Amino acid sequence: MIEDATSTQSDFIREIIDSDLKTGKHDRIATRFPPEPNGYLHIGHAKSVCLNFGLAAQYKGTCNLRMDDTDPAGESMEFVGSIQNDVRWLGFDWDDRLFFASDYFDRLYQFAIDLIKTGKAYVCSLNADEIRAYRGTLTEPGKNSPYRDRTVEENLDLFTRMRAGEFPDGAHVLRAKIDMSSPNITMRDPVIYRIKRSGHYRLGDNWVIYPMYDFAHCLSDSIEGITHSICTLEFENNRPLYDWFVNELIGGSKPRQIEFARLNISYTILSKRRLIELVESALVDGWDDPRMPTVAGMRRRGYTARAIREFCSRIGVAKNDNLVDIALLEHCVREDLNETAPRAMAVLRPLKVIIDNYPEGATEDMECANHPQKPEMGTRMVPFSKTIYIEKDDFMEEPPRKYKRLGPGREIRLRNSYVIRYASMVKDDATGEIRELHCTYDPDTKNAAPADGRKVDGVIHWVSAVHAVPVTVRLYDRLFKVADPAGAEGEMKDLLNPGSLEVVDRAYVEPGLGQAKSGEKYQFERTGYFCCDTKDSLPLKPVFNRIATLRDSWAKISAK
RNA sequence: UGGGGUGUCGUCAAGCGGUAAGACACAGGCCUUUGGAGCCUGCAUUCGGAGGUUCGAAUCCUCCCACCCCAGCCA
């Protein structure tokens, strides 16, 4: 198991576990990560994965991966596969403990029979609307169903026939007989089985009745010997029901449900429903669109599993509603990639520069460090020649104060190369746009300070025009333009950041990058971290996704 | 206005009766062939509010306020 996930500070759940271990309530701990295979995992799930698997690792216990597939609608093997892939990619391992709630259907059915036999469950023949009406409201108690007092024999007969497929969908449900006047609506004779003929993605038509979450989940936990069943806050109301089923049906050690606050992140959305909406309305390009907060999307964007784990560790585990600043996530990727990503030069918006006093047709190989602080990462050769491209932003005709880049009369250091001095510019007669710059270079400054001791403050990156490789670069930014899209009014499409994707069709990268392989991550010096796209890159024709920008203190200065 | 939760810096989050950790963000400065990275400094006299208990309260008690969740045959 990975180390960084185990070296986490404490939280209220770990305190509970420490106490359970200390008092001898448990001598080992068992958790589980229980997704429903009806969608892709997102970073909110990653928080839960890190928590559950991290706990198991920390306490030398186990964490099961369990598909909570009790409602066949929307579930599929595709999702089962993507979930396994994502959990594994995040760095966790469930060994041979991949389970399916649907594998427990026989036992669950038996538990239901047991409940009927002890008079704790009954078949109710009210329709859905009637059940709702009988349930009462938040402030008014419910009324007993007229079917509540059916005999055990009648219930057994009806339930058996429900299973046998004798009734149409919705004709009957099995309900727990608890308390229709409970102030906790969850306890007002909750439905535990419904008839649903949709066909299960694993079991086909074996069943026409399916257990509800409240019934299946606690019993699945019990079957697997889970000690701590960790879920999100919205299930707090369900805990009494969780305990009710367990107490009625399970002897010995019982699992304990503990709830924590789900993750929210600014400028994005983490509800499965909304994510599905984004995909289905084609507002994004699929579940793995690099702007998506899905594990698949983030992976494709270039986020590392390590960065995600670090993020999950830093946000902590508590019960407060939260909206974590997306800047923290960005910080975590930068922190990781700063250590690991080789540097390279890429010019996103090229401006041609001709070095007048540099010999025509000559080429020089410049030795460049792959990481300025890590000599062990080696060096590479980057060709330099008379005509180069620099970033448009790195020249200003009328530079403001504090601007350290190129301008009329100015000198600048070309990264890993020479110092050049501005000579003149050529403008387009019609538009006034700057077409190209002419400069002169100082031959004595190749990776050396000027001999006369004059200071050259600015450093800019460049790429040799004849050697550079044109590539497509996709500049990603936050998906939404509002900090809290989940809490915002209006339609989702109106909340999206129109600048969340900018495609640069013709950026120039240093020659070596032409051979970049899918998934490789680089720091394009002075611009950001980029990942060679795993889907759209072709051999020798890479497409780069911007993972994150570098911190840009000039942007802050210039904004003032 | 039923029940269940939560309220500590802009955002997360420690704190568990002994006098407010840390992180991100932000603001200054140093350093720098990435305006990157790194380094240094600053950033809650105050813990939703009001009372009370105590030598001492963010921590205990009382009342109040705000926000979140629950009326799927979803999970």
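Protein chains get the first letters and strands the later ones, always in sequence-line order, with residue 1 at the start of each. Computed from a predicted structure; not experimentally measured.
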Tell me yes or no: between the side chains of A:His217 and A:Arg32, is some donor less than 3.5 Å from an acceptor?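 Yes, side-chain donor-acceptor contact under 3.5 Å.
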Taking atom types as modelled and ignoring hydrogens, do the side chains of A:Arg202 and A:Ser102 form a donor-acceptor contact shorter than 3.5 angstrom?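 On atom types as modelled, these side chains qualify, holding a pair under 3.5 Å.
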How is [X] classified with respect to the nucleic acid when contacts are heavy atoms under 4.0 Å: base, sugar-phosphate, or nothing?
X        : answer
A:Arg314 : sugar-phosphate
A:Leu138 : base
A:Glu36  : sugar-phosphate
A:Ile192 : nothing
A:Tyr210 : nothing

Is the phosphate of [N] approached by [X] (side-chain N or O, under 4.0 Å from OP1 or OP2)?
X        : N      : result
A:Arg526 : B:rG35 : yes
A:Arg132 : B:rG72 : yes
A:His461 : B:rU34 : no
A:Thr70  : B:rA75 : yes
A:Asn320 : B:rG7  : yes
A:Arg14  : B:rA14 : no
A:Asn184 : B:rG2  : no
A:Arg135 : B:rC70 : no
A:Lys196 : B:rC74 : yes
A:Lys556 : B:rC26 : yes
A:Arg551 : B:rA37 : yes
A:Ser553 : B:rG36 : yes

For atom [atom1] of [X] and atom [atom2] of [N], their distance in whole Å:
X        : N      : atom1 : atom2 : answer
A:Asp321 : B:rA66 : CG    : C1'   : 12 Å
A:Arg334 : B:rA23 : CZ    : C1'   : 15 Å
A:Asp11  : B:rG22 : CG    : C1'   : 15 Å
A:Asn416 : B:rU32 : CG    : C1'   : 14 Å
A:Gln257 : B:rC69 : CD    : C1'   : 13 Å
A:Lys143 : B:rG2  : NZ    : P     : 22 Å
A:Asn322 : B:rA23 : CG    : C1'   : 15 Å
A:Met377 : B:rU34 : CE    : C1'   : 14 Å

Could you work out which one of [options] sits closest to the side chain of [X]?
X        : options                : result
A:Tyr213 : B:rC24, B:rA13, B:rA75 : B:rA75
A:Leu550 : B:rG35, B:rC73, B:rG36 : B:rG36
A:Thr186 : B:rG35, B:rC70, B:rG2  : B:rC70
A:Met212 : B:rC74, B:rU34, B:rA14 : B:rC74
A:Asn238 : B:rA75, B:rC24, B:rG35 : B:rA75
A:Ile131 : B:rC73, B:rU11, B:rG2  : B:rC73
A:Asp325 : B:rU33, B:rU11, B:rA71 : B:rU11
A:Asp71  : B:rA75, B:rA25, B:rA14 : B:rA75
A:Trp554 : B:rA13, B:rG35, B:rG2  : B:rG35

Please walk me through it: do A:Thr379 and A:Glu367 pass side chain to side chain donor-acceptor pair (under 3.5 Å)? CA-CA 6 Å; A:Thr379 61; A:Glu367 184 173 29; 2.9 Å; yes
Working to the nearest 0.5 Å, report the span between CD of A:Glu15 and CD1 of A:Ile17.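 The CD atom of A:Glu15 sits 11.0 Å away from the CD1 atom of A:Ile17.
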When rounded to the nearest Å, what value does the distance between [atom1] atoms of [N] and [M] take?
N      : M      : atom1 : result
B:rG38 : B:rU33 : C1'   : 16 Å
B:rC68 : B:rG18 : P     : 34 Å
B:rU19 : B:rU59 : P     : 15 Å
B:rA20 : B:rA44 : C1'   : 7 Å
B:rC31 : B:rG36 : C1'   : 13 Å

Check: [X] side chain, [N] base, donor-acceptor under 3.5 Å:
X        : N      : value
A:Glu15  : B:rC16 : yes
A:Asn237 : B:rG3  : yes
A:Glu236 : B:rG3  : no

Judged by each residue's nearest nucleotide on RNA chain B, which is more toward the 5′ side, A:Gly136 or A:Phe12?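 Final value for this comparison: A:Phe12.
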A:Lys196 to A:Tyr210, cation-pi by 6.0 Å centre distance and 45° axis angle: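 Judged by the rule (NZ or CZ under 6.0 Å from the ring centre, within 45° of its axis), A:Lys196 is not positioned above A:Tyr210.
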Quiz item: cation-pi between A:Arg163 and A:Tyr109, 6.0 Å / 45°: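 Verdict for A:Tyr109: a cation-pi partner in A:Arg163.
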Syn or anti for B:rG49? Use the chi torsion, O4'-C1'-N9-C4 for purines and O4'-C1'-N1-C2 for pyrimidines, with syn inside 90° of 0.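 Judged by the O4'-C1' to base torsion, B:rG49 sits in anti, the angle falling more than 90° away from 0.
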Indicate yes or no: at least one non-hydrogen side-chain atom of A:Phe260 is less than 4.5 angstrom from one of A:Leu51.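 A:Phe260 reaches A:Leu51 side chain to side chain.
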Please set out all donor-acceptor pairs under 3.5 angstrom arising from side-chain atoms of residues 174-181 of chain A, sequence neighbours excluded.
residue, atom, partner, partner atom, Å
A:Arg175, NH1, A:Asp189, O, 2.8
A:Lys177, NZ, A:Arg148, O, 3.2
A:Asp179, OD1, A:Ser181, N, 2.8
A:Asp179, OD1, A:Ser181, OG, 2.8

How close do A:Glu391 and A:Val347 get, counting heavy atoms only, and between which atoms?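 In terms of heavy atoms, the two residues are closest at OE1-CA, 3.5 Å.
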Scan every strand shown for a Watson-Crick or G-U wobble partner of [N], both distances under 3.5 Å, and answer none if you come up empty.
N      : value
B:rC43 : none
B:rU34 : none
B:rA57 : none
B:rU62 : B:rA50

Under the criterion salt bridge (Lys or Arg N to Asp or Glu O under 4.0 Å), which of A:Arg454, A:Arg421, A:Arg413 is the partner of A:Asp442?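 Looking at A:Arg454, A:Arg421, A:Arg413, the match for A:Asp442 under the salt bridge (Lys or Arg N to Asp or Glu O under 4.0 Å) is A:Arg454.
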